[in-house]
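Only one structure is covered here, and it is reproduced in the block below.
Source: prediction; values computed, not measured. The analysis underlying the following values was restricted to heavy atoms, covering all of them including side chains, and did not include hydrogens, waters or symmetry mates.
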Amino acid sequence: MTKGGMECVELFTAEGKGRGLKAQKEFLAGDVIFAEPAYAAVVFDSLTHVICHTCFKRQERLHRCGQCKFAHYCDRTCQRAAWLSHKNECSAIKRHGKAPTENIRLAARILWKMEREGSGLSEGCLVAIEELQNHVDSFGEEEKKDLRADVESFLEFWPPQCQQFGMQLISHIFGVISCNGFTLSDQRGLQAVGVGIFPNLCQANHDCWPNCTVVFNNGNHEAVRSMFHTQMRIELRALNKISPGDELTVSYVDFLSLSEERRRQLKKQYYFDCTCEHCKKQLKDDLMLAVKAGESKPSADTVKEVIQLSKDTLEKINKARMEGHYHEEILNCSPQRALQVVKLCRDCLQKQEPVLGDTNIYLLRILSIASEVLSYLQMFEEAADYAKRMVDGYLKIYHPNNAQLGMAVMRAGVTHWHAGLIEVGHGLICKAYAILLITHGPSHPITKDLEVMRVQTEMELRMFQQNEFMYYKMREAALKNQKIQVMPEPSNETAPSLFHKKE
């Protein structure tokens, strides 16, 4: 079974997993298997005034909708492109007096689209919205309570003159959003900014070691002629060679957790037991729990004590973040608070280093946070050391074409560049570029940024190799005239889930 724009994939019934997607032709690493526009999408409640409601790009100055005063857009082009989706929402917000939460807005947009186009298959969709999994029957008491509250709020918001849908369908839509809402990022891929429904993507099953990755493309409305505009969409990209008939899989969670933890997260959030090879055989768990080997191998009690200390430290850092001491966007925290986090990390690393192996996930998590905060404080040499150790560990654990690995290698490369360690910095930036060419593609903004960095560091490396003394003199002069711009970090030390889950 194929549908418009989806000729290269086939919907099939996967044994023990329900529906799935498989390839109809051969794909190589980096190939786009399919691109899919959102059926419906909304910006997160906390970012509605700083993110464009059409392309989901972060902009310093946005145009506000003159009617509802709620929706914001890059420009008139984005505003016109959004009108079909926003028209009903606009009048409903004016009638209601305020905008409801993101879940209510997304459910309303889905139902308004169903009202316009009718039920059943939409153009380019393999599966109708009504047929998507909702897992409402698997909800716990707290989730059922939240569902009832959402339905009640939705009914208050939904205009009486619009088509009235049954309670069963409304509940189904909220269930679909809960377990199938895809997290959307800004144009640099560094911050989650919204949530959308992509029916075809929902058919791709999970594997902890997948053969595909998903990247969000914000589209391009900047061309003078509208015929060259591209719409916001997701792209399913091949991570390695895929043969005809192979199932297409993506990872719903970050791989950097023990198999037991990943399975627990998948069961809680997506209501299934992961039976992938990496979970069944607990592959890589030994690396993630590695301890120092040799004559001075620590005792089991010592390892247990250090891991508990690591967990306590991560909890303290997370608590500081939640309390606003160490903000989700690290660049917004004060230097004093950042130094407190650095001290927590240094103290923890001092205890970890004689006990834990180089690939131990608790060591890697502390190294990640330490390098991030030290970069913010412009203490680049120490940050570079931690970043290199973190990346060396990641390279032994992650799939070689993992997007999170590529982003981590890129940040490590930039940190080394800022520290004046141009040889290692250039090497890491080149490695990151090779990974992101596959995971993001050459036209993605972050890949383009990386290409500029690669060319710049290559030029600086040549200068360094010709005359090391002159290189450092010129670098010192340049730094006096221009403050170093620190690359923004992602909002979490670990990657977010592929699909958005309401907290």
Side-chain angles (χ1 to χ4, degrees), residues 188-190 256 330-331 338-339 341-342 345-346 349 353 358-359 363-398 400-437 439-440 445-490 493 495:
R188 290 293 179 267
L190 295 172
L256 199 69
I330 183 64
L331 300 184
L339 284 168
V341 173
V342 169
C345 291
R346 284 174 177 157
L349 285 167
E353 284 163 349
D358 295 340
T359 56
L363 174 67
L364 295 177
R365 286 169 185 168
I366 296 295
L367 288 172
S368 174
I369 295 168
S371 64
E372 173 190 346
V373 183
L374 285 162
S375 290
Y376 162 68
L377 293 169
Q378 301 202 4
M379 299 165 71
F380 292 115
E381 287 192 26
E382 188 180 357
D385 176 57
Y386 292 151
K388 183 66 168 62
R389 289 168 58 192
M390 174 193 74
V391 162
D392 288 344
Y394 282 1
L395 287 167
K396 294 173 185 174
I397 292 175
Y398 275 119
N401 290 330
N402 181 282
Q404 293 300 322
L405 172 64
M407 298 290 278
V409 175
M410 176 180 67
R411 290 191 298 274
V414 172
T415 303
H416 279 76
W417 184 19
H418 286 334
L421 304 169
I422 189 64
E423 291 175 295
V424 178
H426 177 67
L428 288 168
I429 285 170
C430 288
K431 185 165 192 64
Y433 183 66
I435 295 171
L436 294 188
L437 272 177
T439 61
H440 289 63
I446 206 157
T447 315
K448 288 181 176 179
D449 286 350
L450 203 45
E451 167 66 358
V452 172
M453 291 182 216
R454 190 181 68 81
V455 172
Q456 176 67 26
T457 54
E458 186 176 349
M459 183 185 70
E460 290 186 23
L461 179 58
R462 277 202 219 100
M463 188 188 303
F464 173 82
Q465 290 168 338
Q466 289 167 4
N467 191 323
E468 190 174 327
F469 175 76
M470 280 303 298
Y471 167 75
Y472 282 117
K473 290 295 287 183
M474 290 180 70
R475 183 175 182 275
E476 187 181 342
L479 291 178
K480 282 180 182 177
N481 295 327
Q482 185 176 357
K483 186 181 177 182
I484 288 177
Q485 296 296 309
V486 182
M487 186 168 192
E489 298 286 338
E493 69 273 7

Practice item. Tell me, please, which residues at least two apart from E460 pass salt bridge (charged side-chain N to carboxylate O under 4.0 Å, His left out). Key: none

Revision key, fill the gap. Rounding to 0.5 Å, atoms CG (L363) and CD (E353) come to a distance of 7.0 Å

Point to revise | Beyond-backbone contact of Y394 with L256, side-chain heavy atoms, under 4.5 angstrom | key: yes

Check your understanding: Do D392 and D358 pass the side chain to side chain contact (heavy atoms under 4.5 Å, CB included) test, and can you show the C-alpha distance, the side-chain angles, and the key distance before you say yes or no?
Key -> CA-CA 8 Å; D392 288 344; D358 295 340; over 6 Å; no

**Study point:** Non-hydrogen side-chain atoms of W417 and I422 separated by less than 4.5 Å
**Key:** yes

Revision key, fill the gap. Closest heavy-atom pair, A387 versus S371, reported as atoms and distance to 0.1 Å, is N-CB, 3.8 Å

Exercise for review: Please lay out, stage by stage, how L405 and V409 fare under the test side chain to side chain contact (heavy atoms under 4.5 Å, CB included).
Suggested key: CA-CA 6 Å; L405 172 64; V409 175; 3.9 Å; yes

Exercise for review: Working to the nearest 0.5 Å, report the span between CD of E423 and CD of Q465.
Suggested key: 6.5 Å

**Study point:** Any side-chain heavy-atom pair of R346 and E382 under 4.5 Å
**Key:** yes

Check your understanding: Do the rings of Y472 and F464 sit parallel, tilted or perpendicular, given the 30° and 60° boundaries?
Key -> perpendicular

Exercise for review: Mind checking the CG-CE spacing from N467 to M474? Nearest 0.5 Å is all I need.
Suggested key: 10.0 Å

Point to revise | From L377 atom CG to E372 atom CD, the distance as rounded to the nearest 0.5 Å | key: 10.5 Å

Practice item. Show your reasoning for whether side chain to side chain contact (heavy atoms under 4.5 Å, CB included) applies to K431 and L395. Key: CA-CA 11 Å; K431 185 165 192 64; L395 287 167; 3.5 Å; yes

Point to revise | Heavy-atom closest contact (A408 atom, V391 atom, distance) | key: O-CG2, 3.8 Å

Check your understanding: With a 4.5 Å limit on heavy-atom distance, are the side chains of D385 and R389 in contact?
Key -> yes

Check your understanding: Is there a side-chain contact between M470 and M463, using heavy atoms and a 4.5 Å cut-off?
Key -> no

Review point. Can you name the closest pair of heavy atoms from A432 and L450 and give their distance?
Key: C-CD2, 3.6 Å

Review point. So which heavy atom on I435 is nearest to which on G406, and how close?
Key: CG2-CA, 3.7 Å

Review point. Is there a side-chain contact between M410 and D449 (heavy atoms, below 4.5 Å)?
Key: no

Review point. If you look at every heavy atom in G413 and L428, which pair is closest and at what distance?
Key: CA-CB, 3.6 Å

Point to revise | Gap between atom CD of Q466 and atom CZ of R462 - 0.5 Å precision | key: 8.0 Å

Review point. With a 4.5 Å limit on heavy-atom distance, are the side chains of Y386 and M390 in contact?
Key: no

Check your understanding: Which heavy-atom pair separates A403 from L436 by the least distance, and what is that distance?
Key -> O-CD2, 4.3 Å

Check your understanding: Looking at R454 and E451, does any basic side-chain N land under 4.0 Å from a carboxylate oxygen?
Key -> yes

Exercise for review: Report yes or no: does S368 contribute a side-chain atom to a donor-acceptor pair with the main-chain N or O of L364 at less than 3.5 Å?
Suggested key: no

Review point. Looking at side-chain heavy atoms only, is the closest gap between C345 and V341 below 4.5 Å?
Key: yes

Review point. How many angstroms lie between CG in L461 and CD in E458, if you round to the nearest 0.5 Å?
Key: 8.0 Å

